[in-house]
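In what follows, a structure is listed as structure tokens, so that the remarks can point back to it.
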2 protein chains.
Amino acid sequence: MSSNDHLCGCHGSMQSCVSIVPIFNHLQPPQMETIMKAVRTRTFKKGESIYRAGDFSDTLYIVHKGKIKTYRLAESGKEYLVSVLHPGDFSGEYALFSESIHESYAETLEPSEICTIQRKDLQGILEKYPEVALKILGEFSRKLEQSEKQTAYFATERVESRIALYLADLQRQQGERLVKLPMSRKDLAAHLGTTPETVSRKLADLESGGYIRQHSPKKLEILDLDGLLA
Amino acid sequence: MSSNDHLCGCHGSMQSCVSIVPIFNHLQPPQMETIMKAVRTRTFKKGESIYRAGDFSDTLYIVHKGKIKTYRLAESGKEYLVSVLHPGDFSGEYALFSESIHESYAETLEPSEICTIQRKDLQGILEKYPEVALKILGEFSRKLEQSEKQTAYFATERVESRIALYLADLQRQQGERLVKLPMSRKDLAAHLGTTPETVSRKLADLESGGYIRQHSPKKLEILDLDGLLA
DNA sequence: TCTCATTCTTGACTGCCATCAATTTCTTTT
DNA sequence: AAAAGAAATTGATGGCAGTCAAGAATGAGA
């Protein structure tokens, strides 16, 4: 644990995480102030671990700067990459209301700043500001829908379709023909339930089919979105 | 829609759904009374549709009696069975806080009674009783964890392991060596992302390996739980 | 800019599981 | 209880994708 803990004294020039998170950013400034008091900021180097499976879980983690990935490990050692979190995204949610042991791992993909709120502080916040609970409910239901859809893809689509659907989703998020993959082939494979080799091959197939163009391993151009999803 | 709508006047001999649902059953009787006023009960025959993908979604469905399945259909027509809901379980949650169009289907597996609450009524309840929101948050985080775990199984485990894990889970839920499968081979296959044929074969393999015993298609005996999960 | 480690791609082969088809077993109906 | 229909099993075959291995491309760091 070489990370750097300190109270967040960033009420001045520095922008607090609180104001960029969907679950808090609708609040009035004075309310935000209250929440900021419960927030601590930690900085991490690239590739550092934030939490691991088996760790006691009583903290909500909000990404302020950087990029973190959460993943699970099967007994076989095979990895499933759950998500890549960008600034404003949060994790650690489950344990806040029920279980208290992490089943997944979280580590930074880049140097990052993470804001944390302790469970007991969050519970106080929820009691004081019930509208935050409603925001979190909305966020949870979105994640649940997303997770269910992802599972459905695994159950019903073959690898090439899962890749195509992933690319289409990325395109939708980023809004440009030229999309930037936020992770390596290995991580992408771990997210889509396949192998780096197969990802390579299927991307090559999509390219020779005229659906995409690979400018570099992480820069892809979507040429035919409809064809991709057909 | 041949189902039978009526207001739930069941304050007497008949037990209301409200008192059996985890998200409400912690409330005091007078508060429950308030909620019951917003509840309607509908009865369905076996195999009847409750909602379909594309339907407008503004209702929470709580199973009172019977058994219902929720599923998604891929464009190919391939089905992913999301869940089988038993009395006390609920569905339709997503739309209550964000989206408003169903992406999945729900239909009864047996003659069933379903209690419904309209979105606007539920929102009133959440404002009046914030502790209900916290209950739902807990329920959501449990479902989210479960869904994530399920996805991880798809990504990292082969079919035989997924079946074994499913059986182990069933065993844990039912608490007896003799477990009752709540669905057909076809539905089980649709839940585990495989085919009825493969389910048959793998169950036969598990049986000849001495891990389980098949008394009838839906009655299985777990002989070696640890071996199953190894 | 050059170098080196890492990541990515391509090839050959294998195996798991889907598909199609034919019985057999179970369940439901009359 | 018998018969019809539905569900489950078993067999044969093929294809998708995983594994192992070698070579090419990328990009991070000096």
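Since the model is a prediction, treat every value here as computed from it, not as a measurement. Here is the naming used below: chain letters follow the sequence lines, and residue numbers restart at 1 for every chain.
- A salt bridge does not link B/D55 to B/R52: none of the charged nitrogens lies less than 4.0 Å from a carboxylate oxygen.
- DNA chain D is contacted by B/S184, B/R185, B/K186 of residues 177-189 of chain B, taking any non-hydrogen atom closer than 4.0 Å.
- Taking the centre and axis of the six-membered ring of B/F90, the NZ or CZ atom of B/K143 falls inside the cone set by 45° and 6.0 Å.
- We find that A/E110 and A/K67 are joined by a salt bridge, their nearest charged nitrogen and carboxylate oxygen being less than 4.0 Å apart.
- Separating the C1' atom of C/dC4 from that of C/dC8 is a span of 16 Å, rounded to the nearest Å.
- Distance CD (A/E157) to C1' (D/dC16): 15 Å, rounded to an integer number of Å.
- The interatomic distance linking A/F154 (CZ) with D/dA17 (P) rounds to 13 Å, in whole Å.
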Let me have a per-nucleotide readout for nucleotides 18-30 of chain D, 5' to 3', with B, S or -, counting only protein heavy atoms under 4.0 Å. SBB-----S----

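- As judged by a 4.0 angstrom heavy-atom cut-off over every strand, A/E207 is placed among residues making no nucleic acid contact.
- As a whole-Å value, the separation of A/L203 CG from C/dC8 P is 11 Å.
- At a threshold of 4.0 Å, the pair B/E139-B/R142 counts as salt-bridged, since one of the basic side-chain nitrogens sits closer than that to a carboxylate oxygen.
- Comment: A/E107 does not engage A/K45 in a salt bridge, judged by the lack of any side-chain N to carboxylate O separation of less than 4.0 angstrom.
- The distance from atom CD of B/E79 to atom P of C/dA18 is 15 Å, rounded to the nearest whole Å.
- Within the cation-pi definition used here (under 6.0 Å to the ring centroid, within 45° of the axis), B/K78 does not qualify as a partner of B/Y71.
- Look at B/Q214 and you'll find a side-chain N or O under 4.0 angstrom from OP1 or OP2 of D/dT9.
- Residue pairs meeting the side-chain hydrogen bond (donor to acceptor under 3.5 Å, both in side chains) criterion with at least one partner in residues 153-162 of chain A, sequence neighbours excluded, do not occur; the list is empty.
- In this entry the distance linking NZ of A/K202 with C1' of D/dG15 reads 10 Å, nearest Å.
- Residue B/D205 contributes atom CG, which lies 12 Å from atom P of D/dT9 at whole-angstrom precision.
- Within the 4.5 Å cutoff, side-chain heavy atoms of B/E148 are placed close to those of A/R72.
- Under the 3.5 Å distance criterion, the side-chain polar atoms of B/H191 are matched with a main-chain donor or acceptor of B/L81.
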